[in-house]
Undergrad: 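Take a look at the following structure, please.
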Amino acid sequence: CRQPGYVPKRKLLTDPAAIRALESALKKTSIFRNASDYCRCRDTYWIESFNHQLLTYLPKRVHFGMDTFVMRMNLAVLDWNENVQRAATSHRVYLNARRPDHQAPSRVLVVKKFKFVQHIWEAYVHMNKQSTHPILEEDDGSDEEALFLPGVGLEDGDFLDDDDDDDDLNEDEAALEDEALEDDRV
């Protein structure tokens, strides 16, 4: 600032060699070499907003394994991308009791949409659609009972109960009950 009466606190460079050395040192910095990367960073609002959103999915006090960390990071990015710059329904004014002259207006945002959850669920179901039937081992002739999953491998018209022994037991139980009733009558 070269204004009338301005006295600099530090000594101005007048030596051409010192000026060239300072210029070459500044030109070697990454900020100078990659100035296009920094030209839009006039404020950090969006970065701070995303970091706040990130803390919803990745709290700092909890340690996550790498797979869980990556999954939660991806969920945070999907949530951010879907809900960033939501429309405001109205504005609300917060009053501070200690500073009644200071009023801080705040936007009341529309409810968040979580469409990405439905897309993730559909992708999960689609990926696992082929693997709904278990891979059964070949019959080795042993008498061990096979793993039974209800409804797996049944065709139309098949019934789950194809064992006649249970029906015989039920008939025997019914006969015993009939005998007990007849004994009670006599």
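Remember, predicted model here, so these are calculated numbers, not experimental data.
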Undergrad: Do L109 and T89 come close enough that some side-chain heavy atom pair is under 4.5 Å?
TA: no
Undergrad: Verify the cluster assignment for L26 and L13: are they in a single hydrophobic cluster under the rule of side-chain heavy atoms below 4.5 Å apart?
TA: yes
Undergrad: Among the clusters formed by ILVMFWY side chains lying less than 4.5 Å apart, do M73 and W46 turn up in the same one?
TA: yes
Undergrad: Applying side-chain hydrogen bond (donor to acceptor under 3.5 Å, both in side chains) as the test, list every pair that has at least one member in residues 71-81; sequence neighbours left out.
TA: Q53-D79, Y57-D79, D79-N83, D79-K112
Undergrad: Taking S90 for the side chain and V108 for the main chain, is one N or O donor matched with an acceptor at less than 3.5 Å?
TA: no
Undergrad: Determine, using the 4.5 Å side-chain heavy-atom cutoff (strictly less than), whether L55 and V62 are members of one ILVMFWY cluster.
TA: no
Undergrad: Are L58 and V77 in one and the same hydrophobic cluster, where Ile, Leu, Val, Met, Phe, Trp and Tyr link if side-chain heavy atoms are under 4.5 Å apart?
TA: yes
Undergrad: May I ask you to check whether over 12 heavy atoms, not counting those of D67, lie within 6.0 Å of atom CG?
TA: no
Undergrad: Under the salt bridge (charged side-chain N to carboxylate O under 4.0 Å, His left out) definition, can you give me all pairs with a residue in residues 45-56, not counting sequence neighbours?
TA: none
Undergrad: Would you confirm whether T68, through its side chain, and G65, through its main-chain N or O, come within 3.5 Å as a donor-acceptor pair?
TA: no
Undergrad: State whether the side chain of R33 and the backbone N or O of K28 hold a donor-acceptor pair below 3.5 Å, judged by distance alone.
TA: yes
Undergrad: Starting from L75, can I reach F64 by hopping between I/L/V/M/F/W/Y residues whose side chains sit under 4.5 Å apart?
TA: no
Undergrad: Starting at CG of L54, measure out to NE2 of H52 and round the result to the nearest 0.5 Å.
TA: 11.0 Å
Undergrad: Sequence neighbours left out, what passes ring pair (Phe, Tyr, Trp, His ring centres under 6.0 Å) with Y124? Give chain and number order.
TA: W121
Undergrad: Between R86 (side chain) and V110 (backbone), is there a donor-acceptor pair under 3.5 Å?
TA: yes
